[in-house]
2 protein chains.
Amino acid sequence: MSDDLRRNMALFPIGIVMKLTDLTARQIRYYEQNGLIQPARTEGKQRLFSFNDVDRLLEVKALIEKGLNIAGIKQVLQLQDPVPEQTEITVSSEAKRKELTEQELHQLLKQQIFFSNANRPSEHALIRGELSRFFH
Amino acid sequence: MSDDLRRNMALFPIGIVMKLTDLTARQIRYYEQNGLIQPARTEGKQRLFSFNDVDRLLEVKALIEKGLNIAGIKQVLQLQDPVPEQTEITVSSEAKRKELTEQELHQLLKQQIFFSNANRPSEHALIRGELSRFFH
DNA sequence: TTTTTGTGTAATCTTTTCTGACATCCGTTG
DNA sequence: CAACGGATGTCAGAAAAGATTACACAAAAA
């Protein structure tokens, strides 16, 4: 839930993602062009990637290295996200996510995590629990 | 231990940090100039901030809002990091950290976390445990 | 063989960031 | 009060990073 927020927060520019994934900018943009990822953008149209995006790119890379082509990767990634019986909860959370702007995401993370973290150095237990799923 | 790696990985440009902290670039640079943070730099000398840096900035901000000046903040932050009896282990880990270049940090994170994550979607238990301390 | 794919590369433009300087607002202090 | 220093705003010019587009090309597919 707020897990999605963290994982979907647009944080890194393409240069960092290149280092994290060992992919070239060309590759990353090509994969985006083919719908494998959909990074957010700054006002000035620069790409901003989330942890989810980076994970996705690493999956893509692994599949590329196994010889799959883009179409195959799309298949595999869809299989990994089988979109099972969508419950009301899931649907509503999806809808809610789409309503959130980047700025709102930042605001949320700020307030929910960083801020409470900074102000109350002793109240970390709960925060830790939430953050344990920062990635996956 | 590899916690330090994650928390110290230089990931975000100043624009993102501004949004996360609600500080201006001017403030962030000023705090750096006064030794409150020490963000990494790209080859082109642009700042790259880690989660540790962001946390630190949020602490600084909270103290600023309480009316402290830079000198006071230095005091408080030192008190929060009292540098207690330095054990051999701590010292050696400090030394080891200083030997790591930014690139090596990225390499490490890549291999230890993202990569294993991407390749083995079922082996997450351990990773989760490690990541639970990503921030705090 | 011809076509398509995935990636490299170069050119050009825009966005973001950097540094340095000067201005300003505000507590402190003489 | 007047001068001063601390913290921040703002601006200018330069540099870095990123965006888009176009062309090239090897390898795979048709």
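Given the structure is predicted, the values throughout are model-derived calculations rather than measurements. A note on names: the letters A, B, ... follow the listed sequences, proteins ahead of strands, and every chain is numbered from 1.
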Sorted by chain and number, sequence neighbours left out, side chain to side chain contact (heavy atoms under 4.5 Å, CB included) with A/Asn34 holds for A/Tyr30, A/Ile70

Letter by letter from the 5' end, nucleotides 14-30 of chain C scores (B base, S sugar-phosphate only, - none; protein heavy atoms under 4.0 Å) -BSSBB-----------

Bounded by its outermost nucleotides with an atom under 4.0 Å from a heavy atom of chain B, the footprint on DNA chain D reads D/dG6 to D/dA17

query: Angle class for the B/Phe51/B/Phe12 ring planes (parallel below 30°, perpendicular above 60°, tilted otherwise)?
result: perpendicular

Rounded to whole Å, CD1 of A/Ile28 lies from C1' of C/dT7 at a distance of 13 Å

With sequence neighbours left out, the residues meeting side-chain hydrogen bond (donor to acceptor under 3.5 Å, both in side chains) with B/Glu32 are B/Arg41, B/Arg47

Contacts of A/Ile73 meeting side chain to side chain contact (heavy atoms under 4.5 Å, CB included) (sequence neighbours excluded), chain-then-number -> A/Leu36, A/Val60, A/Leu63, A/Ile64, A/Leu68, A/Leu77

For A/Ile14 and A/Arg29, the nearest pair of non-hydrogen atoms, with its separation, is CD1-NE, 4.0 Å

Between B/Lys61 and B/Asp22 the two heavy atoms that sit nearest each other are NZ-CB, 3.5 Å

As a quick check of understanding, evaluate side-chain contact (heavy atoms from CB on, under 4.5 Å) for A/Leu23 and A/Val17, giving each step before the final call. CA-CA 8 Å; A/Leu23 293 170; A/Val17 176; over 6 Å; no

Hits for side-chain hydrogen bond (donor to acceptor under 3.5 Å, both in side chains) against B/Thr24, two or more places apart or cross-chain, chain-then-number order -> B/Gln27

